[in-house]
Every structure is written in C-alpha cells, then in structure tokens.
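Before any comments, here is the structure.
Remember, predicted model here, so these are calculated numbers, not experimental data.
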Amino acid sequence: MGKIKINYLLIVIGLLFIIVGLSLMSGESTTEGAFNPEIFSPRRIRFAPIVCLFGYLIEVVACLKS
C-alpha cells in the first residue's frame with residue numbers, strides 16, 4: 001500500500017471511531033416532566049468520550065503521517 005492509501009485508510013478508521021462514539025453518547029434526555037437517570041450512565045460519560053478521543057487521535061496521526 002502506498003502512503004496515500006494508508007492515510008486515507010486511517011482517516012476512514014478515525015471517522016468511524018468518532019461516529020461510533022457520538023452514537024454511544026446519544027439517547028433520550030431529561031425533560032421537565034421526568035428525570036432520566038440514564039444520562040449519567042458510564043457508557044455516555046466515560047466510554048463514549050474515550051472512543052471519540054481515540055478517533056480524533058487517529059485523525060491527527062493520519063494527517064501527520066508522511
């Protein structure tokens with residue numbers, strides 16, 4: 001594989017990590033009528049941001065790889 005193909009592959013992998021992380025963060029919110037304790041689940045406040053951060057780090061590596 002050439003350098004360009006590896007960079008594009010890393011960009012796609014990073015974007016997939018970011019999309020998965022953002023989808024893990026999504027969900028129902030608390031309304032005025034009812035409190036939703038699911039907004040404080042470990043999946044939404046710990047795991048999903050780490051997945052997104054890992055995706056952004058892959059994007060930086062893809063941009064700097066030469």
Side-chain angles (χ1 to χ4, degrees):
M1 272 184 138
K3 284 191 266 185
I4 294 174
K5 290 183 181 181
I6 291 174
N7 286 15
Y8 286 130
L9 181 64
L10 285 174
I11 288 172
V12 169
I13 291 171
L15 284 174
L16 289 175
F17 270 94
I18 294 169
I19 290 169
V20 168
L22 291 175
S23 67
L24 288 173
M25 277 191 244
S26 67
E28 294 184 22
S29 61
T30 298
T31 62
E32 289 183 22
F35 175 72
N36 183 7
E38 185 64 24
I39 62 171
F40 298 113
S41 71
R43 175 186 59 105
R44 289 175 93 176
I45 64 172
R46 289 196 183 112
F47 183 66
I50 291 172
V51 172
C52 283
L53 178 65
F54 190 64
Y56 285 120
L57 290 174
I58 292 173
E59 293 294 327
V60 169
V61 168
C63 290
L64 297 177
K65 183 134 177 83
S66 57

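- Residues Leu22 and Leu53 fall into different hydrophobic clusters, defined by Ile, Leu, Val, Met, Phe, Trp and Tyr side chains chained together at heavy-atom separations under 4.5 Å.
- Annotation for Gly21 and Ala48: closest pair O-CB, 3.4 Å, computed over non-hydrogen atoms.
- The line from CD1 of Ile45 to CD1 of Ile50 is 10.5 Å long, rounded to the nearest 0.5 Å.
- In this structure, the side-chain contact (heavy atoms from CB on, under 4.5 Å) partners of Ile13, at least two apart in sequence or on a different chain, are Leu9, Phe17, Ile58.
- The heavy-atom pair separating Glu38 from Arg43 by the smallest distance is OE2-NH2, 4.0 Å.
- Enclosure of atom CZ in Phe35 by more than 12 non-hydrogen atoms of other residues, nucleotides or ligands within 6.0 angstrom is indicated.
- Clustering ILVMFWY residues whenever any of their side-chain heavy atoms sit less than 4.5 angstrom apart, transitively, puts Val51 in a cluster other than the one holding Met25.
- If you chain together hydrophobic residues whose side chains sit under 4.5 Å apart, Val61 and Ile6 fall into the same group.
- If you take CD1 on Ile19 and CG on Leu24, they are separated by 12.0 Å, rounding to the nearest 0.5 Å.
- The CG atom of Leu10 sits 10.0 Å away from atom SG of Cys63, with the distance rounded to the nearest 0.5 Å.
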